[in-house]
Amino acid sequence: MKKAEVVAIVALLALLVAPLAMDRYLLSVFVLVFWAAYAGQAWNVMMGFAGLLSLGHSLYVGLGAYAAAALFVHFGISPLLGLFPAMALCMIAGVVVGWLGFRFRIEGVYFALLTIAFAEVARIGFDHLTWTGAAGGFFLPVSRETAGQWWNLRGGPLFFYYLSLGMALAALGICWALRRSRLGHQWLATREDAEAARAIGINVTRARIVAVLISAAMTSLAGVFYAFYYNNLFAAQIFDMSRSIDIVLAPIVGGIGTLFGPIIGALILIPLGELLTEATRALGINAPGVKAIFYGLGLMVIIALAPGGVWPAIARRLGIGEGRR
Amino acid sequence: MSLLRLDGVSKRFRGLVAVDNVSLTVEAGTVFAIIGPNGAGKTTLFSLIAGALSLDTGAIAFDGARINGLRPDQICMRGLARTFQIVRPFPALSVHENVAIGVMARESNVALAFARAEESLRAFDLWDKREQRASALTLPDRKRLEMARALATRPKMLLLDETMAGLRPPEVDRVVETLRALNRDTGLTIVMIEHVMRAVTSLADRVHVLNHGATIAEGPPKQVMRDPKVIASYLGAEALG
Ligand SMILES: Nc1ncnc2c1ncn2[C@@H]1O[C@H](COP(=O)(O)OP(=O)(O)OP(=O)(O)O)[C@@H](O)[C@H]1O
Ligand SMILES: [Mg+2]
């Protein structure tokens, strides 16, 4: 067995056993890590593989969350079924964004602006949609009868720990398979040089649309998870630009276009945020923005030390293939 | 049998007529050269054929069917592959990946595509450099990569845009030999834009000369090189320059 495989298996076993010794708080931190790794992996399909910069992924988180929550609250539909319409809705939204972008040749940062615009429109829309609570928030009932109903995504911290871990691992597996597939190679070609890709027979528009579809569908599940984990949804939070930024940070810090980048990035950034929260509280600094300043400084240091991402830097040290993006 | 046929093809960029009513026919299995001074419209003509630019007037037929109006990827799938004068490798990918993605145009199995890339890589002396990133290659190697990647799509016709430029004479001879072998052994039809005259004279069956977007001569190399109009507008200028 190769060294990397041993490391992976040990890490996996540790992740499976460790939660039994964790308190509620630590479990919640790991849920955030896995969630960020999952969403980052989904975003990476568009940016890292196909070269499409989305800064509006909160759109798919929000739509997925609201769709599954509304089906559950209003019709009693289990989120395990509700996730399919939630996915479909996000894929439709993705196709609309993608089609507009590709039809009118809106590329690069302008495409990113388009994705932000759609997330903003959704935020304003859901802020006024009374069917899902409008600005007052949308609340999922938490009752004794439903407690422990895993098929309704009802459970304690351990349940959500393993669920989010499973999602992060599944996303890793999906991205691994995509990266090795013909489509994955065609995405890389498209990312590197769209015109050259067309010249060797790649239908660039189709490849891009498929990337958006897969990324949107994956991200919608991050939204479904969010809804049933927090049990409350506020359009102003879930569709917020800052959520989109949070999603992109982990893969950027970890290494855009790599398989382990989103995971490593999440493992660094979420604990960093938590540490800073704890530190500022312990030191009695409660001026607004102090945490953000230190978080920003931390980001700058990491990016200065590992400009291509932390994972490629580690992989190069260990002599593993993924040093290249 | 004619493989490629252009009828009255024109393209203007705002005021400038880059390609002016060009008609030509390329027979299957031949090597066809397009020459002309800088700015004559040669690259533009390639972009029109390959579908990267749209025609203003005229029609293009390939392998018996009209191709103008098709997308570049569709034209590639019909069997017409082009290289870019200003090379466009996929920089962050390895040389092997670059070529294997070309093979994937017709091979959906990724492992097989990587295996089949060997042929094109060897033809252009890139096999030993297959692990390198394309961005690490020298310009002559990038030119060879352009050709290897285009060839990997298994075209009936290859459009080569100044692929000898920047190569040293022994390297030119090597590429000429490779292209000659491909043409002879596989029947690959080649259309080349070339300033390197020794490559043109040793390979081409026919030469087409453009000047200011318009055709000024066409014929076998020896005949074209003696044409006073060609000497005045192109060869003479080269000799003086
Ligand atoms: N996209 C474009 N927009 C505007 N003008 C263009 C464009 N592409 C080419 N041209 C102009 O069209 C004319 C023909 O250019 P083209 O590149 O086809 O020439 P060429 O024969 O390939 O020259 P060279 O030998 O230098 O490669 C030139 O005057 C060029 O400036
Ligand atoms: Mg040119």
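Hydrogens, waters and symmetry mates play no part in the numbers below; they use all other heavy atoms, side chains included.
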Novice: Checking A:Q186 side chain against B:I101 main chain: does a donor-acceptor pair fall under 3.5 Å?
Specialist: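 It does not hold such a pair.
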Novice: Should we say atom CD1 of B:I86 is surrounded by more than 12 heavy atoms from elsewhere, each under 6.0 Å from it?
Specialist: no
Novice: Against chain A, label B:S108 side chain, backbone, both or neither, depending on which of its atoms sit under 4.5 Å from a heavy atom there.
Specialist: both
Novice: Let me know if B:Q74 has heavy atoms under 4.5 Å from chain A in its side chain, its backbone, both or neither.
Specialist: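 B:Q74 has no heavy atom closer than 4.5 Å to chain A.
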Novice: Are more than 12 heavy atoms from other residues, nucleotides or ligands located less than 6.0 Å from atom CZ of B:R122?
Specialist: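 Yes, CZ of B:R122 has more than 12 neighbouring heavy atoms, counting only those of other groups under 6.0 Å.
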Novice: Give, as side chain, backbone, both or neither, the part of B:A50 having an atom under 4.5 angstrom from any heavy atom of chain A.
Specialist: neither
Novice: What part of B:R71 lies closer than 4.5 angstrom to a heavy atom of chain A: side chain, backbone, both or neither?
Specialist: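 The side chain, not the backbone.
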Novice: Quick check: do B:D73 and A:N203 have side-chain heavy atoms less than 4.5 Å from each other?
Specialist: yes
Novice: What pair of heavy atoms forms the shortest contact from B:A92 to A:E192, and how long is it?
Specialist: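 Smallest heavy-atom distance, with atoms named: N-OE1, 2.8 Å.
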Novice: For the side chain of A:R182 and the backbone of B:M104, is there at least one donor-acceptor N/O pair under 3.5 Å apart?
Specialist: yes
Novice: Give a yes or no on whether A:F84 atom CZ has more than 12 heavy-atom contacts from other residues, nucleotides or ligands under 6.0 Å away.
Specialist: no
Novice: Could A:D193 and B:R88 be called an ion pair, given the rule that one side-chain N must be under 4.0 Å from one carboxylate O?
Specialist: yes
Novice: For chain B, which of A:A197, A:S181, A:A196 has the most heavy-atom pairs under 4.5 Å?
Specialist: A:A196
Novice: Using a 4.5 Å cut-off on heavy atoms from C-beta on, say whether the side chain of A:H185 contacts that of B:F114.
Specialist: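 In short, these two side chains touch, coming nearer than 4.5 Å.
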Novice: Above 12 or not: heavy atoms from other molecules or residues under 6.0 Å from CZ of B:R106?
Specialist: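 Enclosed.
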Novice: Quick check on B:F13: does its CZ atom have over 12 non-hydrogen neighbours (other residues, nucleotides or ligands) under 6.0 Å away?
Specialist: yes
Novice: Would you say that more than 12 heavy atoms from the other residues, nucleotides or ligands in this model lie under 6.0 Å from the CD of B:E119, or not?
Specialist: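 Open.
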Novice: Which heavy-atom pair separates A:I200 from B:C76 by the least distance, and what is that distance?
Specialist: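 Looks like C-SG, 3.5 Å.
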Novice: Is there a side-chain contact between A:I202 and B:M77, using heavy atoms and a 4.5 Å cut-off?
Specialist: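 Side chain of A:I202 against side chain of B:M77, heavy atoms only: no contact under 4.5 Å found.
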Novice: Can you establish whether the number of heavy atoms outside A:R206 located under 6.0 Å from its atom CZ is more than 12?
Specialist: no
Novice: How many angstroms lie between atom CZ of B:F84 and atom CD of A:E195, to the nearest 0.5 angstrom?
Specialist: 4.5 Å
